[in-house]
Asker: 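Have a look at this one.
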Amino acid sequence: LVLLAVPALAAEGQRDARDISFSFEGPFGTFDRGQLQRGYKVYKEVCSACHSLRLVAFRDLAQLGYNEAEVKAIAAGFQVPGVDPNTGEANTRPGLATDYFPKPYANDIAARAANNNAIPPDLSLMTKARHDGGAYVYSLLTGYQRQPAELLEEFPDAKSPPGTHYNPYFANLNLAMAPALTSAGQVTYGDGTRSTVDQMAKDVAAFLVWTAEPKLAKRNQTGWPVVLFLLV
(Lines give C-alpha, C1' and ligand atoms only; values in the text may rest on other atoms or scores of the structure.)
Protein backbone atom coordinates (compact mmCIF):
# COMPACT_ATOMS: atom_id res chain seq x y z
CA LEU A 1 0.00 0.00 0.00
CA VAL A 2 2.84 2.39 0.80
CA LEU A 3 4.55 1.68 -2.52
CA LEU A 4 1.33 2.47 -4.34
CA ALA A 5 0.67 5.57 -2.28
CA VAL A 6 4.02 7.29 -2.85
CA PRO A 7 3.68 7.74 -6.65
CA ALA A 8 0.11 8.95 -6.12
CA LEU A 9 1.38 11.33 -3.47
CA ALA A 10 3.96 12.70 -5.91
CA ALA A 11 1.28 13.38 -8.49
CA GLU A 12 -0.90 15.12 -5.95
CA GLY A 13 1.95 16.92 -4.22
CA GLN A 14 3.40 18.54 -7.32
CA ARG A 15 2.67 22.24 -7.31
CA ASP A 16 1.64 24.34 -10.27
CA ALA A 17 4.22 26.83 -11.49
CA ARG A 18 4.42 30.08 -9.59
CA ASP A 19 2.65 33.10 -11.05
CA ILE A 20 5.25 35.26 -12.78
CA SER A 21 5.10 37.67 -15.71
CA PHE A 22 7.57 38.06 -18.57
CA SER A 23 7.91 40.85 -21.14
CA PHE A 24 7.35 38.44 -24.04
CA GLU A 25 3.96 37.25 -22.85
CA GLY A 26 0.73 38.31 -24.51
CA PRO A 27 -0.08 39.25 -28.11
CA PHE A 28 2.13 42.35 -28.00
CA GLY A 29 4.95 40.81 -25.97
CA THR A 30 8.59 41.17 -26.94
CA PHE A 31 11.87 39.93 -25.57
CA ASP A 32 13.88 42.18 -23.25
CA ARG A 33 17.41 41.95 -24.70
CA GLY A 34 18.97 43.06 -21.45
CA GLN A 35 17.23 40.26 -19.61
CA LEU A 36 18.23 37.72 -22.27
CA GLN A 37 21.88 38.76 -21.96
CA ARG A 38 21.67 38.39 -18.19
CA GLY A 39 20.01 35.00 -18.64
CA TYR A 40 22.75 33.88 -20.99
CA LYS A 41 25.32 34.89 -18.39
CA VAL A 42 23.57 32.75 -15.79
CA TYR A 43 23.49 29.82 -18.21
CA LYS A 44 27.16 30.27 -19.09
CA GLU A 45 28.43 30.60 -15.53
CA VAL A 46 26.07 28.18 -13.76
CA CYS A 47 24.05 25.88 -16.01
CA SER A 48 26.54 25.11 -18.79
CA ALA A 49 28.69 23.04 -16.41
CA CYS A 50 26.05 20.28 -16.63
CA HIS A 51 23.47 21.17 -19.27
CA SER A 52 23.96 21.33 -23.03
CA LEU A 53 22.38 23.77 -25.46
CA ARG A 54 22.98 21.73 -28.59
CA LEU A 55 20.39 23.40 -30.86
CA VAL A 56 21.78 26.91 -30.39
CA ALA A 57 24.69 28.23 -32.46
CA PHE A 58 26.97 30.95 -31.14
CA ARG A 59 25.97 33.21 -34.05
CA ASP A 60 22.37 33.07 -32.79
CA LEU A 61 23.47 35.22 -29.85
CA ALA A 62 23.52 38.20 -32.21
CA GLN A 63 19.74 38.26 -31.70
CA LEU A 64 20.41 39.13 -28.06
CA GLY A 65 22.22 42.32 -29.07
CA TYR A 66 25.82 41.08 -29.17
CA ASN A 67 27.87 42.45 -32.07
CA GLU A 68 29.99 40.31 -34.39
CA ALA A 69 33.18 40.76 -32.39
CA GLU A 70 31.42 39.86 -29.14
CA VAL A 71 29.88 36.74 -30.68
CA LYS A 72 33.29 35.61 -31.94
CA ALA A 73 34.81 36.21 -28.51
CA ILE A 74 32.03 34.23 -26.80
CA ALA A 75 32.50 31.34 -29.24
CA ALA A 76 36.28 31.34 -28.77
CA GLY A 77 35.76 30.96 -25.03
CA PHE A 78 34.38 27.43 -25.58
CA GLN A 79 36.29 24.34 -26.63
CA VAL A 80 34.44 22.39 -29.34
CA PRO A 81 35.18 19.00 -30.95
CA GLY A 82 37.55 19.23 -33.92
CA VAL A 83 39.94 17.24 -36.08
CA ASP A 84 43.71 17.72 -36.31
CA PRO A 85 44.36 18.63 -39.98
CA ASN A 86 47.76 16.98 -39.85
CA THR A 87 46.91 13.65 -38.25
CA GLY A 88 43.16 13.37 -38.70
CA GLU A 89 42.78 12.60 -35.00
CA ALA A 90 39.95 14.02 -32.93
CA ASN A 91 40.84 17.00 -30.77
CA THR A 92 39.30 20.21 -29.46
CA ARG A 93 39.62 23.76 -30.69
CA PRO A 94 38.28 27.21 -29.81
CA GLY A 95 34.73 27.66 -31.03
CA LEU A 96 33.70 29.66 -34.09
CA ALA A 97 30.55 31.72 -34.51
CA THR A 98 29.12 28.99 -36.75
CA ASP A 99 29.61 26.28 -34.12
CA TYR A 100 26.90 25.09 -31.76
CA PHE A 101 27.24 25.08 -27.99
CA PRO A 102 29.27 21.97 -27.05
CA LYS A 103 28.14 19.25 -24.67
CA PRO A 104 29.62 19.50 -21.16
CA TYR A 105 30.33 15.75 -21.02
CA ALA A 106 32.05 13.45 -23.49
CA ASN A 107 29.26 10.86 -23.29
CA ASP A 108 26.27 9.71 -21.23
CA ILE A 109 28.44 7.52 -18.99
CA ALA A 110 30.49 10.53 -17.94
CA ALA A 111 27.32 12.56 -17.43
CA ARG A 112 25.80 9.90 -15.16
CA ALA A 113 29.02 9.48 -13.20
CA ALA A 114 29.06 13.20 -12.38
CA ASN A 115 25.36 13.55 -11.56
CA ASN A 116 24.27 10.74 -9.25
CA ASN A 117 23.47 8.45 -12.20
CA ALA A 118 21.20 11.04 -13.85
CA ILE A 119 21.82 12.61 -17.26
CA PRO A 120 21.25 16.39 -17.20
CA PRO A 121 18.78 17.18 -20.00
CA ASP A 122 19.58 19.46 -22.90
CA LEU A 123 18.00 22.88 -22.29
CA SER A 124 17.50 24.05 -25.89
CA LEU A 125 13.78 23.22 -25.95
CA MET A 126 13.14 22.77 -22.24
CA THR A 127 10.52 25.50 -21.96
CA LYS A 128 8.54 23.99 -24.84
CA ALA A 129 8.78 20.51 -23.37
CA ARG A 130 7.40 21.54 -19.97
CA HIS A 131 3.94 22.83 -19.18
CA ASP A 132 4.09 26.50 -18.10
CA GLY A 133 7.43 26.94 -19.93
CA GLY A 134 9.47 29.74 -18.43
CA ALA A 135 7.36 29.83 -15.28
CA TYR A 136 8.17 26.15 -14.69
CA VAL A 137 11.93 26.76 -15.00
CA TYR A 138 11.72 29.75 -12.68
CA SER A 139 9.64 27.82 -10.13
CA LEU A 140 11.95 24.81 -10.21
CA LEU A 141 15.09 26.90 -9.67
CA THR A 142 13.55 28.76 -6.73
CA GLY A 143 11.52 25.87 -5.31
CA TYR A 144 14.07 23.76 -3.41
CA GLN A 145 13.07 23.25 0.23
CA ARG A 146 13.09 20.79 3.10
CA GLN A 147 10.52 18.03 2.93
CA PRO A 148 7.44 18.97 4.96
CA ALA A 149 7.42 17.17 8.30
CA GLU A 150 3.75 16.26 7.92
CA LEU A 151 4.53 14.51 4.63
CA LEU A 152 7.14 12.28 6.27
CA GLU A 153 4.88 11.59 9.24
CA GLU A 154 2.11 10.32 6.98
CA PHE A 155 4.39 8.61 4.43
CA PRO A 156 7.74 7.65 6.02
CA ASP A 157 8.81 5.87 2.81
CA ALA A 158 8.39 9.12 0.88
CA LYS A 159 11.66 10.42 2.29
CA SER A 160 13.90 11.77 -0.49
CA PRO A 161 16.35 9.07 -1.65
CA PRO A 162 20.05 9.73 -0.97
CA GLY A 163 21.56 12.12 -3.48
CA THR A 164 18.23 13.76 -4.38
CA HIS A 165 16.67 17.06 -3.37
CA TYR A 166 13.05 17.81 -2.53
CA ASN A 167 11.35 20.19 -4.96
CA PRO A 168 7.53 20.35 -5.13
CA TYR A 169 7.64 21.74 -8.67
CA PHE A 170 9.29 18.61 -10.05
CA ALA A 171 7.14 15.71 -11.25
CA ASN A 172 8.14 13.13 -8.61
CA LEU A 173 9.09 15.74 -5.98
CA ASN A 174 12.71 14.56 -5.78
CA LEU A 175 15.36 15.97 -8.09
CA ALA A 176 18.90 14.69 -8.70
CA MET A 177 20.07 18.21 -9.51
CA ALA A 178 21.27 20.13 -6.46
CA PRO A 179 20.13 23.74 -6.08
CA ALA A 180 21.98 25.65 -8.81
CA LEU A 181 21.26 29.21 -7.68
CA THR A 182 22.23 29.40 -4.06
CA SER A 183 23.06 32.99 -3.15
CA ALA A 184 22.79 36.60 -4.27
CA GLY A 185 25.79 37.79 -6.25
CA GLN A 186 26.55 34.32 -7.57
CA VAL A 187 26.64 35.90 -11.04
CA THR A 188 27.78 39.48 -11.58
CA TYR A 189 25.65 41.39 -14.07
CA GLY A 190 27.37 43.92 -16.29
CA ASP A 191 24.34 46.23 -16.41
CA GLY A 192 24.28 46.75 -12.66
CA THR A 193 21.15 44.69 -12.01
CA ARG A 194 21.21 43.13 -8.54
CA SER A 195 21.63 39.40 -9.02
CA THR A 196 19.34 37.93 -6.38
CA VAL A 197 18.40 34.27 -6.66
CA ASP A 198 14.93 35.32 -7.79
CA GLN A 199 16.33 37.65 -10.47
CA MET A 200 18.82 35.09 -11.80
CA ALA A 201 16.10 32.43 -12.00
CA LYS A 202 13.78 34.75 -13.88
CA ASP A 203 16.52 35.87 -16.29
CA VAL A 204 17.72 32.37 -17.19
CA ALA A 205 14.10 31.22 -17.58
CA ALA A 206 13.54 34.04 -20.10
CA PHE A 207 16.75 33.07 -21.91
CA LEU A 208 15.58 29.46 -22.21
CA VAL A 209 12.23 30.61 -23.60
CA TRP A 210 14.23 32.42 -26.27
CA THR A 211 16.37 29.34 -27.08
CA ALA A 212 13.18 27.32 -27.54
CA GLU A 213 11.24 29.98 -29.45
CA PRO A 214 13.62 32.61 -30.87
CA LYS A 215 10.92 33.80 -33.31
CA LEU A 216 8.29 34.28 -30.60
CA ALA A 217 8.36 38.09 -30.55
CA LYS A 218 8.50 38.33 -34.35
CA ARG A 219 5.56 35.94 -34.60
CA ASN A 220 3.59 38.16 -32.22
CA GLN A 221 4.43 41.25 -34.28
CA THR A 222 3.42 39.55 -37.52
CA GLY A 223 0.28 37.90 -36.21
CA TRP A 224 -1.80 40.99 -35.49
CA PRO A 225 -1.32 42.65 -38.92
CA VAL A 226 -2.29 39.35 -40.54
CA VAL A 227 -5.43 39.06 -38.42
CA LEU A 228 -6.39 42.66 -39.18
CA PHE A 229 -5.79 42.12 -42.90
CA LEU A 230 -8.00 39.03 -42.88
CA LEU A 231 -10.74 40.89 -41.01
CA VAL A 232 -10.67 43.72 -43.53
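None of these values were measured; they are calculated from a predicted model.
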Asker: Is a side-chain N or O of Q147 found less than 3.5 angstrom from the main chain of S160, in a donor-acceptor match?
Answerer: yes
Asker: Is there a side-chain contact between Q63 and W210 (heavy atoms, below 4.5 Å)?
Answerer: yes
Asker: Hey, does V137 have a side-chain heavy atom less than 4.5 Å from the side chain of T127?
Answerer: yes
Asker: I'd like to check F207 versus L64 (side-chain heavy atoms, cut-off strictly below 4.5 Å). Are they in contact?
Answerer: yes
Asker: Could you tell me whether the side chain of K202 and the main chain of G134 form a donor-acceptor pair under 3.5 Å?
Answerer: no
Asker: With side chains defined as the heavy atoms from C-beta onward, is the minimum distance between V71 and D60 less than 4.5 Å?
Answerer: no
Asker: Is there a chain of hydrophobic side chains (I, L, V, M, F, W, Y, each step under 4.5 Å between heavy atoms) that links L208 to L216?
Answerer: yes
Asker: Do other residues, nucleotides or ligands put more than 12 heavy atoms under 6.0 Å from the CG atom of N91?
Answerer: yes
Asker: Between the side chains of T196 and D198, does any donor sit under 3.5 Å from an acceptor?
Answerer: no
Asker: Can you tell me if D84 uses its side chain to pair, donor with acceptor, with the backbone of E89 under 3.5 Å?
Answerer: no
Asker: May I ask you to decide if T164's main-chain N or O and N174's side chain share a donor-acceptor pair within less than 3.5 Å?
Answerer: no
Asker: Closer than 3.5 angstrom, by distance alone: can the side chain of T92 be matched with the main-chain N or O of Q79 as a donor-acceptor pair?
Answerer: no
Asker: Please identify each residue that fulfils salt bridge (charged side-chain N to carboxylate O under 4.0 Å, His left out) with K44, with sequence neighbours left out.
Answerer: none
Asker: If only side-chain N and O atoms count, and only distance matters, is there a donor-acceptor pair under 3.5 Å linking R15 with S139?
Answerer: no
Asker: Is any side-chain heavy atom of Y136 less than 4.5 Å from a side-chain heavy atom of F170?
Answerer: yes
Asker: Any chain of hydrophobic side-chain contacts (each under 4.5 Å) joining F78 to Y66?
Answerer: yes
Asker: What about V80 and L61, same hydrophobic cluster or not, with Ile/Leu/Val/Met/Phe/Trp/Tyr joined at side-chain heavy-atom distances under 4.5 Å?
Answerer: yes
Asker: Return the orientation label for the Y144 and H165 ring planes: parallel under 30°, perpendicular over 60°, tilted otherwise.
Answerer: perpendicular
Asker: Going by salt bridge (charged side-chain N to carboxylate O under 4.0 Å, His left out), name the residues that satisfy it together with D191, two or more places apart in sequence or in a different chain.
Answerer: R38
Asker: Checking V209 against F22 for the side-chain contact (heavy atoms from CB on, under 4.5 Å) test, could you report, in this order, the C-alpha distance in whole Å, the side-chain angles of both residues, the deciding distance, and whether it holds?
Answerer: CA-CA 10 Å; V209 169; F22 291 98; 5.8 Å; no
Asker: Is a donor on one side and an acceptor on the other found under 3.5 Å between the side chain of E154 and the backbone of L151?
Answerer: no
Asker: Between V204 and V46, is a side-chain contact (heavy atoms from CB on, under 4.5 Å) present by the stated rule, with each step listed?
Answerer: CA-CA 10 Å; V204 76; V46 180; over 6 Å; no
Asker: Please check if the side chain of D132 supplies one atom and the backbone of A135 the other of a donor-acceptor pair under 3.5 Å.
Answerer: no
Asker: After noting the C-alpha distance and the side-chain angles of C50 and N115, does the key distance pass the side-chain contact (heavy atoms from CB on, under 4.5 Å) rule?
Answerer: CA-CA 8 Å; C50 298; N115 294 279; 3.8 Å; yes
Asker: Indicate the atoms forming the closest heavy-atom contact of A184 with V197, along with that distance.
Answerer: N-CG2, 4.2 Å
Asker: Determine whether a donor-acceptor pair (N or O, by modelled atom type, separation under 3.5 Å) exists between the side chain of N167 and the backbone of L140.
Answerer: yes
Asker: Would a 4.5 Å heavy-atom cut-off, applied to side chains only, mark P148 and Y166 as touching?
Answerer: yes
Asker: Taking D203 as the fixed residue, which of Y189, Y138, Y40 is the one that meets the side chain to side chain donor-acceptor pair (under 3.5 Å) rule?
Answerer: Y189
Asker: How long is the span from the CG atom in L152 to the CZ atom in R146, to the nearest 0.5 Å?
Answerer: 9.5 Å
Asker: Kindly work out whether a path of hydrophobic side-chain contacts (I/L/V/M/F/W/Y, heavy atoms less than 4.5 Å apart) joins V187 to Y43.
Answerer: yes
Asker: Considering non-hydrogen atoms only, spot the tightest contact between A206 and F31 and give its length.
Answerer: O-CE2, 4.4 Å
Asker: Keeping Q186 on the side-chain end and A180 on the backbone end, is there a donor-acceptor pair under 3.5 Å?
Answerer: yes
Asker: Could you walk me through whether H51 and D122 pass side-chain contact (heavy atoms from CB on, under 4.5 Å), step by step?
Answerer: CA-CA 6 Å; H51 294 277; D122 179 81; over 6 Å; no
Asker: A side-chain contact here means heavy atoms from C-beta on lying under 4.5 Å apart; do Q145 and P168 qualify?
Answerer: yes
Asker: Show the atom names and distances, to 0.1 Å, of all donor-acceptor pairs under 3.5 Å that link a side chain in residues 93-104 to residues at least two apart or in another chain.
Answerer:
unit_1, atom_1, unit_2, atom_2, d
R93, NH1, D99, OD2, 2.8
R93, NH2, D99, OD1, 3.0
R93, NH2, D99, OD2, 3.3
D99, OD2, L96, N, 2.7

Asker: Verify, without hydrogens or angle tests, whether S124 (side chain) and L55 (backbone) share a donor-acceptor contact under 3.5 angstrom.
Answerer: yes
